[in-house]
Colleague: 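Following this message is one structure expressed as structure tokens.
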Amino acid sequence: LALTYDWTALNSKVDGLFPAGMTNQVIGLQWAFQSLTALPFTIPAKDPNFKYSDVIVLVTDGLNTESRHHTSQSAIDAREKLLCGNIKAAGITIYTVFINTGGDPSQEVLKTCASAPDKAIEIKSSSQVLSAFNSIGTALSNLRIAQ
């Protein structure tokens, strides 16, 4: 789905998601990167009179377990680190949110991927979700999204 203000279409896409028993953060991150920089997405024109910030918020509830290339977490994490470096080199800010209510070990790849230490958030209980996203929203409150 291209960048849009169509909340019905966005909700429909989210409602169509389902867990499949594995996690591949890299593929979601790559699609987010492309949605800001490349085809097949239509990138909105930016008004030269405004300062824009491109931001990706990567949210996960699990460790990397499988990709089309690997089933080794360390190999998938290495691909993710490379991609995060490319995204940050393109001037895009990355926030990472690890919803870790299952007691998994902390993910160094998410800490490395985030643009700064304060942009890597680990949530250990459902009661922390709202405050985590409020803090990101507050940090981004000066952003203007244009269509």
Colleague: Could you state the interatomic distance from OG1 (T60) to CG (N100), rounded to the nearest 0.5 Å?
Modeller: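 Output value for this atom pair is 9.5 Å.
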Colleague: Restricting to side chain to side chain donor-acceptor pair (under 3.5 Å), what partner residues turn up for N49, sequence neighbours left out?
Modeller: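 Listed in chain order: D47.
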Colleague: Can you name the one residue among T138, V59, I121 that meets side chain to side chain contact (heavy atoms under 4.5 Å, CB included) with F133?
Modeller: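 Only one of T138, V59, I121 forms a side chain to side chain contact (heavy atoms under 4.5 Å, CB included) with F133, namely V59.
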Colleague: Measure the SG-CG distance between C113 and D77 for me, rounded to the nearest 0.5 Å.
Modeller: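 If we round to the nearest 0.5 Å, C113:SG and D77:CG are 10.5 Å apart.
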Colleague: Taking all non-hydrogen atoms of both residues, which atom of N24 and which atom of E66 are closest, and how far apart?
Modeller: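 Taking N24 first and E66 second, the nearest heavy atoms are CB-O, 3.2 Å.
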Colleague: Is the closest side-chain donor-acceptor distance between E122 and S106 under 3.5 Å?
Modeller: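 Per modelled atom types, E122 and S106 side chains form a pair under 3.5 Å.
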Colleague: Mind listing the closest non-hydrogen atom pair of A132 and I123 along with its distance?
Modeller: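 That would be CB-CD1, 3.6 Å.
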Colleague: Should side-chain heavy atoms under 4.5 Å link Ile, Leu, Val, Met, Phe, Trp and Tyr, which residues sit in the same cluster as I92?
Modeller: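 Taking Ile, Leu, Val, Met, Phe, Trp and Tyr as members, I92 shares its hydrophobic cluster with V26, L29, F33, L36, I56, L58, L63, I76, L83, I87, I94, F98, V109, L110.
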Colleague: How long is the gap from NZ on K51 to NZ on K46, to the nearest 0.5 Å?
Modeller: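 Between K51 NZ and K46 NZ, I get 11.5 Å after rounding to 0.5 Å.
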Colleague: Could you list all the side-chain hydrogen bond (donor to acceptor under 3.5 Å, both in side chains) pairs where at least one residue sits in residues 31-40, not counting sequence neighbours?
Modeller: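 Qualifying pairs: none.
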Colleague: Output, in order, the C-alpha distance, side-chain angles, deciding distance and verdict of salt bridge (charged side-chain N to carboxylate O under 4.0 Å, His left out) for K124 and D104.
Modeller: CA-CA 10 Å; K124 300 237 183 212; D104 287 328; over 6 Å; no
Colleague: Going by atom type alone, with no hydrogens or angles, which donor-acceptor pairs under 3.5 Å involve a side-chain atom of residues 8-20 and a protein atom two or more places apart or on another chain?
Modeller:
from	atom 1	to	atom 2	distance (Å)
N11	ND2	W7	O	3.1

Colleague: Is there a side-chain contact between V57 and V97, using heavy atoms and a 4.5 Å cut-off?
Modeller: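 With C-beta onward as the side chain, the pair touches.
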Colleague: Report the residues that fulfil side-chain contact (heavy atoms from CB on, under 4.5 Å) with T101, sequence neighbours left out, ordered by chain and then residue number.
Modeller: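 Only I99 meet the side-chain contact (heavy atoms from CB on, under 4.5 Å) criterion with T101.
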Colleague: Would you find a donor on one side and an acceptor on the other, under 3.5 Å apart, between the side chain of T65 and the backbone of T23?
Modeller: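 Yes: the side chain of T65 pairs with the backbone of T23.
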Colleague: Only pairs at least two apart or in different chains count here, so list each salt bridge (charged side-chain N to carboxylate O under 4.0 Å, His left out) that has a residue in residues 87-102.
Modeller: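 Listed once each, the pairs would be none.
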Colleague: Please determine which of Q30, Q107, R79 meets the side chain to side chain donor-acceptor pair (under 3.5 Å) test together with Q25.
Modeller: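 For Q25, the side chain to side chain donor-acceptor pair (under 3.5 Å) check succeeds only for Q107.
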Colleague: After noting the C-alpha distance and the side-chain angles of T93 and K119, does the key distance pass the side chain to side chain contact (heavy atoms under 4.5 Å, CB included) rule?
Modeller: CA-CA 9 Å; T93 300; K119 292 174 176 49; 3.6 Å; yes
Colleague: Would you kindly say whether N64 and E80 are connected by a side-chain donor-acceptor distance under 3.5 Å?
Modeller: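 Yes, a side-chain donor-acceptor pair sits under 3.5 Å.
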